[in-house]
Structure formats: structure tokens, C-alpha cells
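First comes the structure, then the notes that go with it.
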Amino acid sequence: MDALARSAGQLGHIIRRRRKALGLTQTDLAGLSGVRQELISRIETGHDGARLGTINSLLAALDLEMTVGPRSKSSAADILDAL
């Protein structure tokens, strides 16, 4: 599963989609990752402010990894979407 995330909302959507594809509830994911269910809910709905360590714990529990690279076809709208 390759997915592009340029905002907290897009990353939250990717996490939610993967969790559901694995048949996990937020409570299940909390148990696997050590992240509180309430925080998982906030991340999945696109709230800003999650620590990178928290995101890494969720990604590891979902058997995902993060790759960072240059933006492709950036426009002013893309930059604003990421803020």
C-alpha cells in the first residue's frame, strides 16, 4: 500500500484505512501500539499535534513505514493543504 500524505488529515485517513483493512478497532490498535484510543481517534480525524514517536508507534503496529522525499508538482494550494 503506497499512499501520499501531505497533511495531518491525509495521514489520519491512511492510518484509519489500514486499521480497518486489518480488521482492527481503535481499541485493538491502542493495545498493539501503546497509544491511547482517544489519541488514535484524534489522529484519524486529522488533528494536528501528534508527536512523531506516536505516529511511528502507530505505523509500526500497522506494519507501515514512512518515506520522506521531495514534493512532486507542488503548487501554492498543495503547500496550503499541508499547513
Side-chain angles (χ1 to χ4, degrees):
M1 169 182 142
D2 286 343
L4 178 65
R6 290 184 172 163
S7 68
Q10 290 171 339
L11 182 59
H13 178 75
I14 291 165
I15 289 171
R16 179 176 44 248
R17 188 174 66 213
R18 176 66 172 179
R19 175 182 59 78
K20 288 184 174 188
L22 294 174
L24 301 172
T25 65
Q26 289 180 349
T27 302
D28 296 333
L29 181 55
L32 293 170
S33 65
V35 175
R36 293 179 311 124
Q37 180 274 325
E38 296 83 5
L39 184 52
I40 293 170
S41 177
R42 291 180 54 82
I43 290 168
E44 286 187 355
T45 56
H47 285 71
D48 290 331
R51 293 176 181 236
L52 186 55
T54 301
I55 297 299
N56 285 336
S57 294
L58 292 175
L59 294 177
L62 295 169
D63 198 26
L64 295 173
E65 63 187 4
M66 188 180 326
T67 303
V68 178
R71 273 185 186 259
S72 58
K73 300 182 184 177
S74 289
S75 68
D78 289 338
I79 293 169
L80 290 176
D81 285 344
L83 300 177

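We use all heavy atoms of the structure for the numbers below, so side chains are in, but hydrogens, waters and symmetry mates are not.
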What's the spacing between [X] [atom1] and [Y] [atom2] if we round to 0.5 Å?
X: L62; Y: L29; atom1: CG; atom2: CG; value: 5.0 Å
X: Q26; Y: L39; atom1: CD; atom2: CG; value: 10.0 Å
X: I55; Y: I43; atom1: CD1; atom2: CD1; value: 4.0 Å
X: L32; Y: L24; atom1: CG; atom2: CG; value: 6.0 Å

Are more than 12 heavy atoms from other residues, nucleotides or ligands located less than 6.0 Å from atom CZ of R42?
-> no
More than 12 heavy atoms from other groups under 6.0 Å of CD on E65 = no
Shortest non-hydrogen separation from R17 to A3 and the atoms involved = NH2-CB, 3.8 Å
What are the two closest non-hydrogen atoms of S33 and A61, and how far apart are they?
->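 Between these two residues, the closest heavy atoms are CB-CB, 3.8 Å.
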Side chain to side chain, R6 and R71, heavy atoms closer than 4.5 Å = yes
Any side-chain heavy atom of L4 within less than 4.5 Å of one from I14?
->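 The answer is no, as the side chains (C-beta and beyond) never meet within the 4.5 Å cut-off.
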Name all residues meeting the salt bridge (Lys or Arg N to Asp or Glu O under 4.0 Å) criterion together with R19; count only those two or more places apart in sequence or in a different chain, and write none if there are none.
->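 Listed in chain order: E44.
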Show the numbers, then the answer: is there a side-chain contact (heavy atoms from CB on, under 4.5 Å) between N56 and R51?
-> CA-CA 9 Å; N56 285 336; R51 293 176 181 236; over 6 Å; no
Please determine which of T45, T27, D28, V35 meets the side-chain contact (heavy atoms from CB on, under 4.5 Å) test together with I40.
->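 When side-chain contact (heavy atoms from CB on, under 4.5 Å) is applied between I40 and each of T45, T27, D28, V35, only V35 qualifies.
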